[in-house]
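To start, the structure itself, in structure tokens.
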Amino acid sequence: MPLEIYNTLTRKKEIFTPLVPGYVGMYVCGPTVYSDVHLGNCRTFISFDIIYRYLRYLQYKVRYVRNITDAGHLEGDRDEGDDKFSKKARLEQLEPMEIVQRYTLGFHEVMQLFNNVPPTIEPTATGHISEQILLTEKILANGYAYEINGTVYFDVEKYSREKPYGILTNRKLEDLLEGTRDLDGQDEKKSRLDFALWIKAKPEHLMQWPSPWGMGFPGWHIECSAMSNKYLGKRFDLHGGGMDLAATHHTNEIAQNEACFNESPAQIWMHTNMLTVNGTRMSKSLGNGFLPHELFTGNHPMLNKAYSPMTVRFFMLQTQYRSTLDFSNEALQASEKGLKRLWEAYQFLQKLQYEKGEADAELNEKVLKLINDFDTSMNDDFNTAKVLASMFELVPVINSIKDGLIKTGEMLESTFILLGKKFKDYLEDIFGLKNSDEINDGKLAEVMHLLIDIRKEAKTKKDFATSDKIRNQLNEIGILLKDEKGGEMSWGLDV
RNA sequence: GGUCCUUUGGCCGAGUGGCUAGGCACAGCUCUGCAAAAGCUGCUACAGCGGUUCGAAUCCGCUAGGGACCUCCA
């Protein structure tokens, strides 16, 4: 079964066929670095990280471009408003680029904690001002834009006479124009749907660049057209972003590209759904956003403990990227336990050796089917939730081997090898999960080894007072000791 | 006001016409010095009403609830 991806543009799943065989060009709208990214933002980047990893797993050479928006977005709904960066900079007495630097570093740190692979190119808006000016000039020359007092607007009505403007989200121009929101007048735009490509800067504006229309800064949609065009060409395979960007940002992006090159940029548009809290979208403006660090420290009124980045990543994997995901303390707790169970089975599997034995055709077939379902599920529009369900069905098989209820030899050696390989491919390479750092601490492992030895001796002598003391006191400091079959003991950090 | 989406068991969530999703929680049993873990078993739901069909959680209609976008936001 080939890879199928849901395309927002056609509103159905399509078989994925790259424009150039073997290669994939992928563009994802990145963060605006004037404040910390919240967990909702992270969901999108984690989703596309897994998509990127899976495409590589399928042997594609992927150019993954994710921009950093460090200029150009406006505050408020008026085009003559301040550039967001400049506004905040004045409040905090910082240079705009200091803000940008601070939050860019913060963003990268969070991405790393979530174990996201960096994109292959991460271009910035401020690094591509001339490209944005060139596109704006081209759109003007093609007659789809007009200049008023140093600001250049995209002429949506002119454009929509020739091309379907609301094609991405299936909206008609009349419906878009109908909204009850009236502008307060005094607007220089010809139509309320027109958006700025280039904005005239006031003299005191901190971030501004020279242009054919005077000093100014780019509008908030042109950067993605400019950068995707520069690094991926006029037409590329995948364009992604959060669902909230589809109706405005991506719609305008398509219009810009069409107005420039008479071509739509991406063949497939992918949109990740929102992370919600109590059924309402997590967003900056509503103030219900969780910061990653609030989770990692547990420092939030809604949380009763801290959760590791891997728990959060796993939590997101349990849902398909196009569904909303509701965030709660209980849901995270469930994910934490689920991940622990899965990961422990995986760890055991990696150490396991194959031993020849009496074959059990039924077991072999069951295992093989579940393994093959991994790829089938991923090929069905990256259904990570289904992959995990198959994995969890294999956990009892692995644990039964651990308990000696099943022998590895009951399945074929090829099946056994494939099982180990696929678990590794999926959990580590595709899903990007990894051990918590604490458990990797070598010194701790040595100390634990020692304590386990002492406890084993005590148990052999039936000195249960000592053996219980060790286990109970470890438990108090958050280390869980488990007695296993055959007198062995294992340990893990209590979660 | 307009456009669109959604409603699954105690909780989180897959699933789009017939076949047990899965996780967490809960209960029982097995194992066990005790505990934990693990294994096995149980809990089997699809907002309401009507329609299509041999058959619907899945398709259609209506009603009700929730949400998103139309304005910066992943």
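Throughout, protein chains are lettered first and strands after them, A, B, ... in sequence-line order, and every chain is numbered starting at 1. Please read all numbers here as calculations on a predicted model, not as lab measurements.
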Please name the residue in the list N383(A), N273(A), D381(A) that meets the side-chain hydrogen bond (donor to acceptor under 3.5 Å, both in side chains) test with R322(A). D381(A)

Nearest to the side chain of L405(A), which nucleotide is it out of A74(B), G39(B), A14(B)? G39(B)

Students often get this wrong, so: under 4.0 angstrom with heavy atoms, is M274(A) touching a base, only sugar-phosphate, or nothing? base

So what does T276(A) hit on the nucleic acid, given a heavy-atom distance under 4.0 Å: a base, only sugar-phosphate, or nothing? nothing

Of the candidate nucleotides C73(B), G39(B), C34(B), which contains the atom at the shortest distance from the side chain of N399(A)? G39(B)

When rounded to whole Å, the CD1 to P distance for the pair I401(A) and A37(B) reads 21 Å

Does G10(B) have a Watson-Crick or wobble mate here (both distances under 3.5 Å), and if so which one? C24(B)

Touch check for T319(A), heavy atoms < 4.0 angstrom, all strands: base, sugar-phosphate only, or nothing? sugar-phosphate

Consider the side chain of E393(A), meaning its heavy atoms from C-beta on, and name the nucleotide among A14(B), A36(B), A21(B) that approaches it most closely. A21(B)

From G22(B), C73(B), G13(B), pick the nucleotide closest to the side chain of S283(A)? C73(B)

M282(A) near the nucleic acid: base, sugar-phosphate alone, or nothing, with a heavy-atom cut-off under 4.0 Å? base

Taken to the nearest whole Å, CD/Q318(A) to P/G22(B) is 13 Å

Reckon G30(A) touches a base, only the sugar-phosphate, or nothing at all at heavy-atom distances under 4.0 Å? sugar-phosphate

d(CD, E336(A); P, C12(B)) in whole Å: 18 Å

If only side-chain N and O atoms of N475(A) are considered, is one of them under 4.0 Å from the OP1 or OP2 phosphate oxygen of A35(B)? no

When both distances are under 3.5 Å in a Watson-Crick or G-U wobble arrangement, the nucleotide paired with C4(B) is G67(B)

For C62(B), the nucleotide meeting Watson-Crick or G-U wobble distances (both under 3.5 Å) is G48(B)

Nearest-nucleotide pick for R341(A), side chain only, options being A74(B), C24(B), G22(B): C24(B)

Using only side-chain N and O atoms of S323(A), determine if any of them is under 4.0 Å from OP1 or OP2 of A14(B). yes

Considering every strand and a 4.0 Å limit on heavy-atom distances, what is the contact class for Q333(A): base, sugar-phosphate, or nothing? nothing

Given atom NE2 of H249(A) and atom P of C70(B), what is their separation to the nearest angstrom? 13 Å

Any side-chain donor-acceptor pair under 3.5 Å between N379(A) and Y54(A)? yes

Between P on A38(B) and CE on M489(A), what's the gap in Å once rounded to a whole number? 18 Å

Select from G338(A) and F327(A) the residue whose nearest nucleotide in RNA chain B is closer to the 5' end of that strand. F327(A)

Spacing of I452(A) atom CD1 relative to A36(B) atom C1', expressed in whole Å: 14 Å

Sorted by chain and residue number, the side chain to side chain donor-acceptor pair (under 3.5 Å) partners of E428(A) (sequence neighbours excluded) come out as Y346(A)

Between N67(A) and T69(A), does any side-chain donor sit less than 3.5 Å from a side-chain acceptor? yes

Would you check if there is a donor-acceptor pair between the side chains of Y307(A) and N329(A) at a distance under 3.5 Å? yes

Looking at A21(B), G39(B), G67(B), which one has an atom nearest to any side-chain atom of T280(A)? G67(B)

On RNA chain B, more 5' by nearest nucleotide between T248(A) and T324(A) is T324(A)

Under 4.0 Å, heavy atoms only, any strand: does H271(A) hit a base, just the sugar-phosphate, or nothing? nothing

Taking any strand in view, what nucleotide pairs with C31(B) in a Watson-Crick or G-U wobble way, both distances under 3.5 Å? none

Would D380(A) and Y6(A) count as having a side-chain donor-acceptor pair, cut-off 3.5 Å? no

Residues in side chain to side chain donor-acceptor pair (under 3.5 Å) contact with R313(A), at least two apart in sequence or another chain: D49(A), N116(A)

Residue A334(A), side-chain heavy atoms: nucleotide from G23(B), A74(B), G13(B) that is nearest: G23(B)

Quickly work out the Y321(A) OH to G13(B) C1' distance and round it to whole Å. 17 Å

Just checking E362(A): does its CD atom have more than 12 heavy atoms from other residues, nucleotides or ligands closer to it than 6.0 angstrom? no

Across the strands shown, which category fits D326(A) at heavy-atom distances under 4.0 angstrom: base, sugar-phosphate, nothing? sugar-phosphate

Between A35(B), A74(B), C72(B), which one does the side chain of W220(A) approach most closely? C72(B)

Under 4.0 Å between any heavy atoms, over every strand shown, what does N383(A) touch: base, sugar-phosphate, or nothing? Just pick one. sugar-phosphate

Give one of base, sugar-phosphate or nothing for G241(A), where a contact means two heavy atoms less than 4.0 Å apart. sugar-phosphate

With heavy atoms under 4.0 Å as the rule, sort L325(A) into base, sugar-phosphate or nothing. sugar-phosphate

Of all the nucleotides listed (A21(B), A14(B), U3(B)), which has the minimum atom distance to the side chain of R171(A)? U3(B)

Within the 4.0 Å heavy-atom criterion, would you say T169(A) contacts the bases, only the backbone, or no part of the nucleic acid? nothing

What do you reckon, do F392(A) and the base of G23(B) stack, with centroid distance below 5.5 Å and planes below 30°? no

What integer distance in Å separates R43(A):CZ from G13(B):P? 9 Å

R455(A) has its side chain closest, among G33(B), U3(B), G39(B), to G33(B)

